[in-house]
There are 2 protein chains.
Amino acid sequence: MHPQRLGYREIAAALRQDIRAGRYPPASVLPPEPELAQQYGASRSLVNRAMSLLAAEGLVRPRQGRGTIVTWLPPMLHSAARYSRTTRERDGNRGAFDSDVKAIGLEPQHEITVERAVPPAEVADALGVAHDELCLVRRRRLLASGIPVRINASWFPLEIAESTVLEEPGPVINGGIKSALSNLGYRQTTASERIVPSRLPTEAEASVLEISPERSVTEIVHVGQTAEGRSVEVTTTVAPAHYLVIEHEFPLT
Amino acid sequence: MHPQRLGYREIAAALRQDIRAGRYPPASVLPPEPELAQQYGASRSLVNRAMSLLAAEGLVRPRQGRGTIVTWLPPMLHSAARYSRTTRERDGNRGAFDSDVKAIGLEPQHEITVERAVPPAEVADALGVAHDELCLVRRRRLLASGIPVRINASWFPLEIAESTVLEEPGPVINGGIKSALSNLGYRQTTASERIVPSRLPTEAEASVLEISPERSVTEIVHVGQTAEGRSVEVTTTVAPAHYLVIEHEFPLT
DNA sequence: GAGTGGTCTAGACCACAGA
DNA sequence: CTGTGGTCTAGACCACTCG
């Protein structure tokens, strides 16, 4: 099949190209490693090492006993402007996510849970609540044909969110979270974001996103404030690195 | 030395901890792989695989014949607010970078080149010039004790920058680029940025940043515009992923 | 049970840097 | 020349999934 002996980087490159070219579509299963080894005239160890590269890049997700699933999603999903401020505020990206995923022939899925919990210290500080204070948290997990693409957690002080529309379970809040908060008398006028482009996932994140522990993630922490300077919403986003592109625009003084 | 047999992830974890704890400081050289193999009671193959993990994370840079150099830099350099808008505009981050690097006991270095070149299509489009039009480009490479930390390229239309202070070589432009452009009659009022948190480097980038091809990078494309909507400056930043943290604040409408 | 990926070894050869 | 990391093999055993 392949005339020359290839190195594991070259095997990875070949598979990478096949995947991006659509020869192995997203959510499909790659041929087993022994078969690929034969195709490329290499040992299975070598193919396995090539696979580790692709897994770390996020193109692929090997699972013991089940085979290796293609987790690469074409640029459409990452691409520009969709995650811009206006869209995000309008509907929490739900619509944009759904149409992006459908556009590449996959099935968008949402999992939403609403609960009361003590936020991590970083979030508590941003919200200005005590480290042991219960808050309301709305968690979402977005998937494309079973591939986890992003997780969100939106935190609100109980004082604000208790027994409001925010505490209702269900996939959509009419007009979005910021609109709902505004109706409750907490209109946000400024927001700040901290972006960590790449870090290793926590164990919990790796498990929920179904990625290997060495696959890095991008984290965005969004804090919304009212005109009085009160932080009323902290939303954290964690996605496997490369599933996100971020755009923003700002005035220069 | 180590009672139990460790897996390569565990060996990597042990080394990771040692590095972060300062047992192997930045820019120092790790013990050779055979020695580590003996320490951990494992084969060299295993240690080598652990090293691949650390290299992909960017904690370490193994070089044939020379040994494995620690390239991890403590959070101080990444940490918040330093790369915020105000600082970046003030002095192109030069001061902040120098003091960050010195604070961890390393030597900051800058390499600056100024030349005329045809920009990549993406930059040409952003500047609104033809794809074959010569532009002025100021390139910088920032290093900490020989470890490349970041590369920048600032592009300007020749029409604006020809024979101005922007074309002078040398490390600093008094007051920064935006100030210089303002003095030339091109005051910027808005900027937009596109952030690609994680992607594989081009060959050229991997070479200039001295990273392996599978070590991902973060890219920021910054476009500055005048009140008339003319793009007068495009600055691209590429850094090994995890050397950057980004913060910004914006008004909500 | 059969087939998948996950891990590991022992040893080998190579490319490169430096004394 | 020696010692470094880079690559590769052949084979082994394990853990997991599914029929």
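First the proteins, then the strands, lettered A, B, ... as listed; each starts at 1.
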Atom pair [atom1]/[atom2] of [X] and [Y] - distance to nearest 0.5 Å:
| X | Y | atom1 | atom2 | answer |
| --- | --- | --- | --- | --- |
| B:Leu53 | B:Ile11 | CG | CD1 | 10.5 Å |
| A:Ile112 | A:Glu168 | CD1 | CD | 12.5 Å |
| A:Leu209 | A:Ile147 | CG | CD1 | 12.5 Å |

Please report the distance, rounded to the nearest Å, between [atom1] in [X] and [atom2] in [N].
| X | N | atom1 | atom2 | answer |
| --- | --- | --- | --- | --- |
| A:Tyr40 | D:dC8 | OH | C1' | 18 Å |
| A:Arg9 | C:dA15 | CZ | P | 15 Å |
| B:Leu15 | D:dG5 | CG | C1' | 15 Å |
| B:Ile11 | C:dT7 | CD1 | P | 12 Å |
| A:Arg66 | C:dG5 | CZ | P | 12 Å |
| A:Leu30 | C:dT4 | CG | C1' | 13 Å |
| A:Ile69 | C:dG5 | CD1 | P | 11 Å |
| B:Glu33 | C:dA17 | CD | C1' | 15 Å |

Name the closest nucleotide to the [X] side chain, picking from [options].
| X | options | result |
| --- | --- | --- |
| A:Thr68 | D:dT4, C:dG5, D:dT9 | C:dG5 |
| B:Pro34 | D:dC8, C:dG5, D:dG5 | D:dG5 |
| B:Asn48 | D:dG6, D:dG11, C:dA17 | D:dG6 |
| B:Gln64 | D:dC8, D:dT7, C:dC16 | C:dC16 |
| B:Arg49 | C:dT7, D:dT17, D:dG5 | C:dT7 |
| B:Arg44 | C:dT7, D:dG6, D:dT9 | D:dG6 |
| A:Ala42 | C:dG5, D:dT9, C:dT7 | D:dT9 |

field: DNA chain C: 5'-proximal contact among A:Arg63 and A:Ser45 (nearest heavy atom)
entry: A:Arg63

- prompt: Is the closest side-chain donor-acceptor distance between B:Ser216 and B:Ser198 under 3.5 Å?
  reply: yes

query: Within a strict 4.5 Å, meaning less than it, do heavy atoms of the B:Ser154 and B:Val234 side chains meet?
result: no

field: Short side-chain N/O contact from B:Tyr8 to OP1 or OP2 of C:dC8, under 4.0 Å
entry: no

